[in-house]
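The chain is numbered in sequence order, starting from 1. Being a predicted model, the structure only gives us computed values, none of them experimental.
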Amino acid sequence: MAHTLSDHQNPLPVAQATVLALPPTSQTQDLRTRWTALDSLLCGAFAGAVAKTVIAPLDRTKIIFQVSSNRFSAKEAFRLIYCTYMKDGLLGLWRGNSATMVRVMPYAAIQFCSHEQYKKHLGGYYGYQGKALPPVPRLLAGSLAGTTAAMLTYPLDMVRARMAVTAKEMYSNIMHVFVRISQEEGVRTLYRGFTPTILGVIPYAGITFFTYETLKKLHTEKTKRSHPYPYERLAFGACAGLIGQSASYPLDVVRRRMQTAGVTGSSYVTVLGTMREIITREGVVHGLYKGLSMNWVKGPIAVGISFTTFDITHSLLFKLHQMSYFTH
């Protein structure tokens with residue numbers, strides 16, 4: 001980050017040059033560290049909000065099919081979207097998106113920020129500080145980041161699922177969902193489906209971050225450009241989302257069934273019990289992988305937008321901090 005005098009066309013006064021040449025104090029280093037973490041939190045929250053808002057109608061449709069026994073098809077999915085639009089208007093397609101924002105912004109912020117921190121710690125431990133991590137630590141950093149975010153924000157995911165599959169009359173707002181679930185079903189219900197969520201997020205987040213970071217590394221080695229173009233980031237993120245979500249999708253279905261059992265009249269209690277019941281009634285392909293084709297549409301779009309938005313905004317903030325640092 002330090003500039004030398006040769007970087008500037010106009011030489012600086014001796015006194016100012018001396019100040020710039022001095023090594024940064026520990027207080028300045030701490031300030032930079034805090035700003036880096038804060039940048040990651042802000043950029044992660046913004047990236048998650050943009051990505052989820054773009055694919056919200058498809059996400060809501062996928063959840064509705066996941067928690068029902070109706071057979072999924074593209075025709076039925078778009079029919080549901082059309083019926084929702086005719087009944088509730090355009091904004092009806094984004095029902096539950098407020099709960100999604102309340103959940104996804106802290107989730108994405110924590111996930112991206114913790115991923116940066118895990119990469120630093122693992123890089124220091126394995127001797128790759130400031131460099132691309134080897135495969136195993138790269139996979140581990142993604143899994144730890146996803147697990148950290150899921151553990152800290154899980155009740156919000158439960159609320160989002162409930163709002164997505166119920167009518168407006170049942171839950172008026174986010175707080176109403178929390179209150180009704182706590183009073184009628186118990187506080188523990190807010191964590192129903194937690195186990196399959198963690199089991200699913202470990203491979204999903206690990207594979208997704210691993211794929212994206214690996215593609216960026218290979219791109220840098222081949223093109224000698226450290227910063228891919230936005231459309232290249234989108235492509236890398238799309239590939240990462242496609243592979244990651246396909247690997248963990250059955251656990252996503254199990255998670256949704258357990259989260260919405262209280263309003264669908266089902267008795268899904270355990271992971272294995274839920275999985276067994278789904279397979280018995282609907283089969284493996286039409287049960288555990290119901291809606292996967294829609295996920296192949298919305299998943300890559302969401303992950304691509306999320307990673308691209310994070311990288312671009314993070315780079316922008318870094319440049320602004322650099323400008324501010326050398327100005328002052």
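By the salt bridge (Lys or Arg N to Asp or Glu O under 4.0 Å) test, R256 is found to be paired with D157, residues two or more places apart in sequence or in another chain being considered. Under the rule for a salt bridge (Lys or Arg N to Asp or Glu O under 4.0 Å), R276 has no partner lying at least two apart in sequence or in another chain. In this structure, the salt bridge (Lys or Arg N to Asp or Glu O under 4.0 Å) partners of K62, at least two apart in sequence or on a different chain, are D59, D252. Judged as a side-chain contact (heavy atoms from CB on, under 4.5 Å), and not counting sequence neighbours, T220 has no contacts. Y118 meets the ring pair (Phe, Tyr, Trp, His ring centres under 6.0 Å) test with no other residue; sequence neighbours excluded. Annotation: salt bridge (Lys or Arg N to Asp or Glu O under 4.0 Å) contacts of E282 (sequence neighbours excluded): R257, K290.
At most 12 heavy atoms of other shown residues, nucleotides or ligands fall within 6.0 angstrom of atom NE2 in H227. The number of heavy-atom neighbours closer than 6.0 Å to CE of M151, taken from other residues, nucleotides and ligands shown, is 12 or below. More than 12 heavy atoms of other shown residues, nucleotides or ligands fall within 6.0 angstrom of atom CG in L90. Shown here is R225, whose CZ atom has more than 12 heavy atoms of other residues, nucleotides or ligands within 6.0 Å. Heavy atoms from other residues, nucleotides or ligands lying under 6.0 Å from OH of Y154 number more than 12.
In this structure, the side chain of T308 engages the main chain of L234 through a donor-acceptor pair within 3.5 Å. In terms of modelled atom types and a separation under 3.5 Å, the side chain of S143 and the main chain of L139 share a donor-acceptor contact. Looking only at distances, no side-chain donor or acceptor of R103 sits under 3.5 Å from a matching main-chain atom of V159.
A salt bridge does not link E116 to K120: none of the charged side-chain nitrogens sits closer than 4.0 Å to a carboxylate oxygen.
If you chain together hydrophobic residues whose side chains sit under 4.5 Å apart, I279 and V253 fall into the same group. Under the 4.5 Å side-chain heavy-atom criterion for Ile, Leu, Val, Met, Phe, Trp and Tyr, I64 and L93 are members of the same hydrophobic cluster. L156 and M258 fall into different hydrophobic clusters, where Ile, Leu, Val, Met, Phe, Trp and Tyr side chains are chained together by heavy-atom contacts under 4.5 Å. Under the 4.5 Å side-chain heavy-atom criterion for Ile, Leu, Val, Met, Phe, Trp and Tyr, I301 and F78 are members of the same hydrophobic cluster. Linking Ile, Leu, Val, Met, Phe, Trp and Tyr residues whenever their side-chain heavy atoms come within less than 4.5 Å leaves I305 and F236 in two separate clusters.
Minimum heavy-atom separation, T148 to S114: CB-OG, 4.4 Å. For the pair Q111 and A145, the tightest heavy-atom approach, listed with the atom from each and the gap, is O-CB, 3.5 Å. Scanning all heavy atoms of the two residues, the minimum distance from R138 to L133 falls at NH2-O, 2.5 Å. Between A247 and I207 the shortest heavy-atom distance is CB-CD1, 3.7 Å. Of all the heavy atoms in T260 and R162, the pair that sits closest is CA-NE, 3.8 Å. When all heavy atoms are compared, the tightest approach of V303 to G241 is CG2-CA, 3.6 Å.
Side-chain atoms of T274 and I278, non-hydrogen and from C-beta on, do get closer than 4.5 Å to each other. Side-chain atoms of F65 and E76, non-hydrogen and from C-beta on, do get closer than 4.5 Å to each other. At a threshold of 4.5 Å between non-hydrogen side-chain atoms, the residues R60 and T84 count as touching. Under the 4.5 Å side-chain criterion, counting only non-hydrogen atoms from C-beta, V104 is not in contact with T153.
Annotation for L152: hydrophobic cluster partners, listed by chain and number, are I110 (ILVMFWY side-chain heavy atoms under 4.5 Å, direct or chained). With side-chain heavy atoms closer than 4.5 Å counting as contact, directly or through intermediates, the hydrophobic cluster containing Y229 also holds Y231.
The line from CD1 of I181 to CE of M158 is 5.5 Å long, rounded to the nearest 0.5 Å. Between atom CG of residue L215 and atom CZ of residue F210 there is a gap of 9.0 Å, rounded to the nearest 0.5 Å. Going from atom OH of Y204 over to atom OG of S246 covers 10.5 Å, rounded to the nearest 0.5 Å. Atom CE in M101 sits 10.0 Å away from atom CD1 in I174 (nearest 0.5 Å).
Listed by first and then second residue, the ring-ring contact (aromatic ring centres under 6.0 Å, His included) pairs involving residues 85-104 amount to none (not counting sequence neighbours). Annotation: salt bridge (Lys or Arg N to Asp or Glu O under 4.0 Å) contacts involving residues 140-151, sequence neighbours excluded, are absent. Residue pairs meeting the ring-ring contact (aromatic ring centres under 6.0 Å, His included) criterion with at least one member in residues 289-315, sequence neighbours excluded, are F112-F307, F112-F310, F209-F307, Y212-F307, F310-H314.
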Going by atom type alone, with no hydrogens or angles, which donor-acceptor pairs under 3.5 Å involve a side-chain atom of residues 187-203 and a protein atom two or more places apart or on another chain?
unit_1: T189; atom_1: OG1; unit_2: E185; atom_2: O; d: 2.8
unit_1: T189; atom_1: OG1; unit_2: G186; atom_2: O; d: 3.2
unit_1: T197; atom_1: OG1; unit_2: G193; atom_2: O; d: 2.7

Check against salt bridge (Lys or Arg N to Asp or Glu O under 4.0 Å), K217 and E213: CA-CA 6 Å; K217 179 176 180 292; E213 294 286 325; over 6 Å; no
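Considering L242, I55, L58 in turn, L58 is the only one that fulfils the side chain to side chain contact (heavy atoms under 4.5 Å, CB included) rule with V297.
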